Engineer: 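Sharing a structure with you now.
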Amino acid sequence: MPSANSDSSGNSGAPDGVGRPSRYESQKRRDWNSFRQYLRNHRPPLELARCSGAHVLEFLRYLDQFGKTKVHAAGCPFFGHPHPPAPCPCPLRQAWGSLDALVGRLRAAFEEDGGQPEANPFAARAVRLYLREVRDSQAKARGIAYEKKKRKRPFPPLQGYNPQPPVPMAAAVPVIGYDQPESDLNLVSGGYQHHLHGHLMLPTVDASGDDAAVMAVAEAHSGGMIPLSVLN
């Protein structure tokens, strides 16, 4: 029966993505309803509180009639062939991956419905052994290896190691006249390095105009020499 807030097309009036269960939750609800229906149709009918791992195995075998996976028998010429070249009369079964996922959803639905974890029939040891047997037998019959992906464990940090972010190196600014070798000083005629400040000293020149200001500054320094920075 459609809900009161549904339109004529049957779509809910709620906005998209609001209150809509995820695909996993929807599938889990359908699986749980199917299992409850199976218990009601059981002869004699079964109550959920009396359900055991044996009843879960009956349910899983019951689902094989709806399977779509070809599982070759031991006498089939295509036994162990992953891609058989021709059809064969071998029966169809539920694939191991589908059964394993189904049991996981029903195990969660049982506890969400109020069941106790220690009384969960889907977590019974007999169910785990059955799933392992189905996995191994189908792997041999179909020629497929079922291997679970191993989770990569992160490497533990080294003891006492505290990684620090790299410090960006400042761009090197050439400094003329500071810590320059004597060979570089010879490039300037008459220049030498000041013994206290490390300036590259240049001799004064006879000129007029702008050079007159240079000469005035030079007179304020002993020896008639000025720092190169003054020229800048």
Side-chain angles (χ1 to χ4, degrees), residues 1-2 9-12 17 20-152:
M1 182 176 179
S9 61
N11 297 327
S12 175
R20 181 177 299 177
S22 64
R23 182 178 180 181
Y24 170 80
E25 293 295 332
S26 300
Q27 185 64 48
K28 181 173 62 175
R29 183 183 306 172
R30 290 193 296 267
D31 294 338
W32 184 243
N33 293 335
S34 299
F35 181 72
R36 296 297 299 267
Q37 184 66 32
Y38 170 79
L39 295 182
R40 288 190 293 268
N41 296 338
H42 194 273
R43 295 292 180 268
L46 289 173
E47 297 179 1
L48 183 61
R50 300 179 58 185
C51 183
S52 64
H55 299 116
V56 174
L57 296 182
E58 292 180 3
F59 175 67
L60 297 180
R61 295 188 181 101
Y62 161 78
L63 294 177
D64 272 336
Q65 61 182 314
F66 308 107
K68 299 180 181 180
T69 301
K70 178 77 70 172
V71 179
H72 302 288
C76 179
F78 303 137
F79 182 84
H81 200 295
H83 304 288
C88 65
C90 294
L92 298 177
R93 296 285 185 265
Q94 290 285 346
W96 164 77
S98 300
L99 293 178
D100 186 62
L102 172 65
V103 170
R105 292 190 296 267
L106 292 176
R107 182 172 60 232
F110 176 84
E111 298 181 7
E112 292 176 1
D113 197 50
Q116 298 298 323
E118 58 273 9
N120 195 330
F122 301 97
R125 183 174 181 270
V127 177
R128 297 197 303 269
L129 294 177
Y130 175 77
L131 291 176
R132 186 182 305 173
E133 179 183 353
V134 171
R135 180 193 64 186
D136 296 342
S137 62
Q138 290 191 6
K140 294 179 181 178
R142 302 177 60 196
I144 299 176
Y146 295 105
E147 295 180 357
K148 292 185 177 180
K149 296 182 180 180
K150 296 182 179 180
R151 295 181 179 178
K152 295 183 179 180

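What you see is a predicted model; the values in this text were computed from it and never measured.
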Engineer: Going by the rule side chain to side chain contact (heavy atoms under 4.5 Å, CB included), which residues pair with Pro117 if we only count those two or more places apart in sequence or in a different chain?
Structural biologist: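 With neighbours one apart ignored, the set is Glu111.
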Engineer: Parallel, tilted or perpendicular: which fits the ring planes of Tyr38 and Tyr62, with parallel below 30° and perpendicular above 60°?
Structural biologist: tilted
Engineer: So does Glu133 have more than 12 non-hydrogen atoms from other groups sitting under 6.0 Å from CD?
Structural biologist: no
Engineer: With rounding to the nearest 0.5 Å, note down the distance linking CZ in Arg142 to CZ in Phe78.
Structural biologist: 15.5 Å
Engineer: Are the side chain of Gln94 and the backbone of Leu99 linked by a donor-acceptor contact shorter than 3.5 Å?
Structural biologist: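 No, the answer is negative, given that no donor and acceptor are paired below the 3.5 Å cut-off.
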Engineer: Would you check, one step at a time, whether the test side chain to side chain donor-acceptor pair (under 3.5 Å) holds for Asn41 with Gln37?
Structural biologist: CA-CA 6 Å; Asn41 296 338; Gln37 184 66 32; 3.3 Å; yes
Engineer: Would you be so kind as to tabulate the donor-acceptor pairs closer than 3.5 Å made by side chains of residues 83-92, with sequence neighbours excluded?
Structural biologist:
none

Engineer: To the nearest 0.5 Å, what is the distance between CZ on Arg29 and CD on Glu112?
Structural biologist: 10.5 Å
Engineer: Which salt bridge (Lys or Arg N to Asp or Glu O under 4.0 Å) pairs, counting each pair once, include a residue from residues 30-52, with sequence neighbours left out?
Structural biologist: Asp31-Arg105, Arg36-Asp113
Engineer: Apply side-chain contact (heavy atoms from CB on, under 4.5 Å) to the pair Val134 and Asp100, showing each step before the final yes or no.
Structural biologist: CA-CA 10 Å; Val134 171; Asp100 186 62; over 6 Å; no
Engineer: Write down the atom of Ala141, the atom of Val71, and the distance for their closest heavy-atom approach.
Structural biologist: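 It is CB-CG1, 3.8 Å.
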Engineer: Any side-chain heavy atom of Leu102 within less than 4.5 Å of one from Phe59?
Structural biologist: yes
Engineer: Can you name the nearest heavy-atom pair linking Val127 to Gly53, along with the distance?
Structural biologist: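 Shortest heavy-atom separation between Val127 and Gly53 comes out as CG2-O, 4.0 Å.
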Engineer: With the side chain counted from C-beta on, respond yes when Leu106 and Val56 share a heavy-atom pair under 4.5 Å apart, and no when they do not.
Structural biologist: no
Engineer: Under the side chain to side chain contact (heavy atoms under 4.5 Å, CB included) test, which residues partner Ser137, sequence neighbours left out?
Structural biologist: none
Engineer: Which heavy atom of Ala108 sits nearest a heavy atom of Tyr24, and at what distance?
Structural biologist: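 Of all heavy-atom pairs spanning Ala108 and Tyr24, the closest is CB-OH, 4.1 Å.
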Engineer: Kindly write out the residues that satisfy side chain to side chain contact (heavy atoms under 4.5 Å, CB included) with Phe110, not counting sequence neighbours, or none if the list is empty.
Structural biologist: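 Only Trp32, Leu48, Asn120, Pro121, Phe122 meet the side chain to side chain contact (heavy atoms under 4.5 Å, CB included) criterion with Phe110.
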Engineer: Any pair with a residue in residues 59-74 that passes salt bridge (Lys or Arg N to Asp or Glu O under 4.0 Å), sequence neighbours left out, goes on the list, sorted by first then second residue, please.
Structural biologist: none
Engineer: Could you check whether any side-chain N or O of Arg128 sits under 3.5 Å from a backbone N or O of Ala123, counting only pairs where one atom can act as donor and the other as acceptor?
Structural biologist: yes
Engineer: Looking at Gln138, is its backbone amide N or carbonyl O close enough to the side chain of Trp96 to form a donor-acceptor pair, meaning the two atoms are under 3.5 Å apart?
Structural biologist: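 Flag not set: sc Trp96 to bb Gln138 has no pair under 3.5 Å.
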Engineer: Between CG of Leu46 and OG of Ser52, what distance do you get to the nearest 0.5 Å?
Structural biologist: 8.5 Å
Engineer: Please give me the minimum heavy-atom distance between Phe35 and Cys51, naming the atom from each residue.
Structural biologist: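 Residues Phe35 and Cys51, closest heavy atoms: CZ-SG, 3.6 Å.
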